[in-house]
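So the structure is just underneath, and the comments pick up after that.
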Amino acid sequence: MAHSFLDVHPSSDFSLANLPYGVFRPTHDASARVGVAIGDWVLDLSAVADAGLFNTPTLSSFIKSGPHGCFHQDALNDFMAMGRPVWTEVRTIVKDLLSADHPALRDDTTLRAHALHPRDGVVMLLPARIGDYTDFYASREHATNVGIMFRGKENALLPNYLHIPIGYHGRSSSVVVSGTPIRRPNGQTKADDAPAPTFGPSAQLDFELEIGFFVGTGNPLGEPIPVQKARDHIFGLVLLNDWSARDIQKWEYVPLGPFLAKNFGTTISAWVVPLDALEPFVTAGPVQDPAPLPYLQPEKGTPIPNFDINLEVALKTPEAAKPQVISRTNLKYMYWSIFQQLAHHSVNGCPMRPGDLLGTGTISGPTEESYGSMLELCWKGTKPIKTEGGERKFLRDGDTLTLSGGATRSDGMRVGFGECVGTILPAHQLQ
């Protein structure tokens, strides 16, 4: 088992087995560049490139030094577009450079001083220029729970759910990096017994625990991505909180689906975990019955792949001294896999582009404590969550939500996502 020459705590999300990518500024007034998280440090890949450490026969035509190089940019898009063979070789080089038995970085004190930054001192930015954002509805448990609440147990799942990954196009302009406050939205709502709608701040603000995944290499217009090749088009995963205003959503979603109830804010974690780092946690997903149509099936005899990744949500109210965990679930419960989601999204020839973001939809498990939204945890407001000094049916101003997640390899190394954090600000007072 390889170890880093840096002191990485065993509980760190960012072990040598992880090496997630992010975009950061060393200081507030410094230029943005690409880095890799390792323990409590960030390795500046622009400095590594300028030192010539990516000059291999394969990478020399891709990874350039100087201001026009892909690691000198304020987004990962250029690197994402280079494809899996480049991603894999860069990852191998970075892992070697950070290993205890590799002298190139370990023994070069000048390069270390230039390339390593304390992680708690850098400014994290969105990891990509997100051209398009799509949110799916891929958790059967979540869809069932919502269906029971609004349509009854007999009609919980709509007839198409077990045949097709349901999704809708979101708003990429309101995707923000972890730590960005979220303002409570205003909008139209209508009580069941009211004769007409009213306008004002949402009273049913909610979170949705999701995983997001970034497209790496895309596909030309008119050319689908086969499900068997979807892995080669996915760059990596992040935590995603798709904030939702349930009262606005209830009034507006018929007939075309959610609009203002969703597009006011989506928070993602800052570090993109490469698919390669998650390979040890691949597991079979839920049995899909009826069997999906052939374009959504993996190679014959192969189970639908999913990932055994534990996920957690913590809520801190203004009155509380510390956060309390309100949900624990796992990505392995997802009915439609990320590979099926990408294949379905492109099967009509829709072109995917580097930096496009896809969300899984709320990830709920089979038990009440594994539900991935306040709507489910509080069962439409009928079962409030007890908090320090009060209770919650939905989120209030000043509440802070923290999503976290990860898994531990058999050798003890952890692969995690860091945190996905957002605090609710009061709504603007509009007439």
Side-chain angles (χ1 to χ4, degrees), residues 130-140 142-152 155-176 182-192 194-210 212 215 221 224 240-267 293 296 335-336 340-353 356-364 372-376 380 394 427 430:
I130 303 169
D132 284 299
Y133 164 51
T134 301
D135 197 33
F136 281 88
Y137 192 51
S139 165
R140 180 175 183 171
H142 174 66
T144 299
N145 290 337
V146 173
I148 290 172
M149 279 184 248
F150 292 99
R151 292 187 299 274
N155 300 302
L157 285 182
L158 293 173
N160 62 355
Y161 189 85
L162 298 179
H163 297 274
I164 183 172
I166 303 297
Y168 72 95
H169 293 291
R171 181 74 182 178
S172 62
S173 63
S174 54
V175 179
V176 296
I182 296 294
R183 189 168 294 280
R184 181 179 298 273
N186 285 291
Q188 288 191 28
T189 61
K190 182 182 176 300
D192 292 338
T198 58
F199 178 84
S202 169
Q204 296 182 357
L205 187 55
D206 200 353
F207 72 91
E208 290 189 339
L209 168 58
E210 305 189 22
V215 174
L221 177 67
L240 187 151
N241 183 352
D242 198 36
W243 304 91
S244 301
R246 301 299 184 187
D247 44 357
I248 296 175
Q249 182 177 356
K250 180 182 177 183
W251 172 237
E252 75 175 3
Y253 85 102
V254 176
L256 293 181
F259 183 37
L260 301 186
K262 296 280 191 175
N263 67 8
F264 62 93
T266 300
T267 305
L293 292 171
L296 291 170
Y335 188 79
W336 295 106
Q340 291 173 312
Q341 291 169 45
L342 181 58
H344 180 68
H345 199 314
S346 67
V347 74
N348 65 343
C350 172
M352 310 301 293
R353 296 175 294 187
D356 283 354
L357 177 65
L358 284 71
T360 60
T362 305
I363 302 168
S364 292
S373 66
M374 294 289 283
L375 179 67
E376 297 166 272
K380 207 167 64 169
F394 290 96
L430 303 176

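As a basis for the values below, the full set of heavy atoms in this structure was taken, side chains included, without hydrogen atoms, waters or symmetry mates.
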| Nearest 0.5 Å, what's the CG-CZ distance between Asp206 and Phe394? | 6.0 Å

| Gap separating the OG atom of Ser173 from the CD1 atom of Ile130, nearest 0.5 angstrom | 10.0 Å

| query | Which value, rounded to the nearest 0.5 Å, describes the distance between Leu375 atom CG and Gln204 atom CD? | reply | 8.0 Å

| Distance in Å, Thr198 OG1 paired with Gln188 CD, rounded so as to fall on 0.5 Å steps | 8.5 Å

| request: State, without any angle test, whether Ser244 and Gln249 hold a side-chain donor-acceptor pair at a distance under 3.5 Å. | output: no

| Out of curiosity, Trp243 CH2 to Arg184 CZ, how far, rounded to the nearest 0.5 Å? | 10.5 Å

| Whether over 12 other heavy atoms sit under 6.0 Å from Leu430 CG | yes

| query | Are the side chain of Asn155 and the backbone of Gly152 linked by a donor-acceptor contact shorter than 3.5 Å? | reply | no

| remark: Tightest non-hydrogen contact, residues Thr134 and His169, listed as OG1-ND1, 3.4 Å

| said: Could you check whether any side-chain N or O of Gln341 sits under 3.5 Å from a backbone N or O of Ala138, counting only pairs where one atom can act as donor and the other as acceptor? | reply: no

| request: Anything under 30° is parallel, anything over 60° is perpendicular, the rest tilted; go ahead and classify Tyr335 against Tyr161. | output: tilted

| remark: Heavy-atom nearest pair, Val215 first then Leu342, reads CG2-CD1, 4.2 Å

| task | From the options Leu357, Asp242, Leu358, select the one residue that forms a side chain to side chain contact (heavy atoms under 4.5 Å, CB included) with Asp135. | result | Asp242

| query | Is any side-chain heavy atom of Trp336 closer than 4.5 Å to a side-chain heavy atom of Ile166? | reply | no

| Between Asp247 and Ser202, a side-chain donor and acceptor under 3.5 Å | yes

| Take atom CZ in Arg171; do more than 12 heavy atoms of anything else shown fall under 6.0 Å from it? | no

| Nearest heavy-atom neighbours spanning Pro224 and Val347 | CG-O, 3.5 Å

| message | Contact between Leu240 and Tyr133 at the side-chain level, heavy atoms closer than 4.5 Å - yes or no? | response | yes

| Do the side chains of Ile182 and Phe264 get nearer than 4.5 Å, heavy atoms only? | yes

| request: Please round to the nearest 0.5 Å and tell me the distance separating atom CD of Glu376 and atom CD1 of Ile148. | output: 10.0 Å

| request: Would you check if Leu162 and Arg140 make a side-chain contact, meaning some heavy-atom pair closer than 4.5 Å? | output: yes

| task | May I ask you to say whether Glu208 pairs ionically with Lys262, meaning some side-chain N is under 4.0 Å from a carboxylate O? | result | yes

| query | So, for Ser346 and Met352, which heavy atoms are closest and what is the spacing to 0.1 Å? | reply | CB-CG, 4.3 Å

| field | Heavy-atom check, side chain of Lys250 versus side chain of Asp192, under 4.5 Å | value | yes

| task | Mark yes or no: Lys380 above the aromatic ring of Phe150, with NZ or CZ under 6.0 Å from the six-membered ring centre and no more than 45 degrees from the axis. | result | yes

| message | Testing the 3.5 Å rule here: is there a donor-acceptor pair between the side chains of Asp132 and Ser172? | response | no

| query | Is any side-chain heavy atom of Pro258 closer than 4.5 Å to a side-chain heavy atom of Asn263? | reply | no

| query | At their closest point, which heavy atom of His345 faces which heavy atom of Cys350, and how far apart are they? | reply | O-CB, 3.4 Å

| query | Which atoms form the tightest heavy-atom contact between Thr362 and Ser139, and what is the distance? | reply | O-CB, 2.9 Å

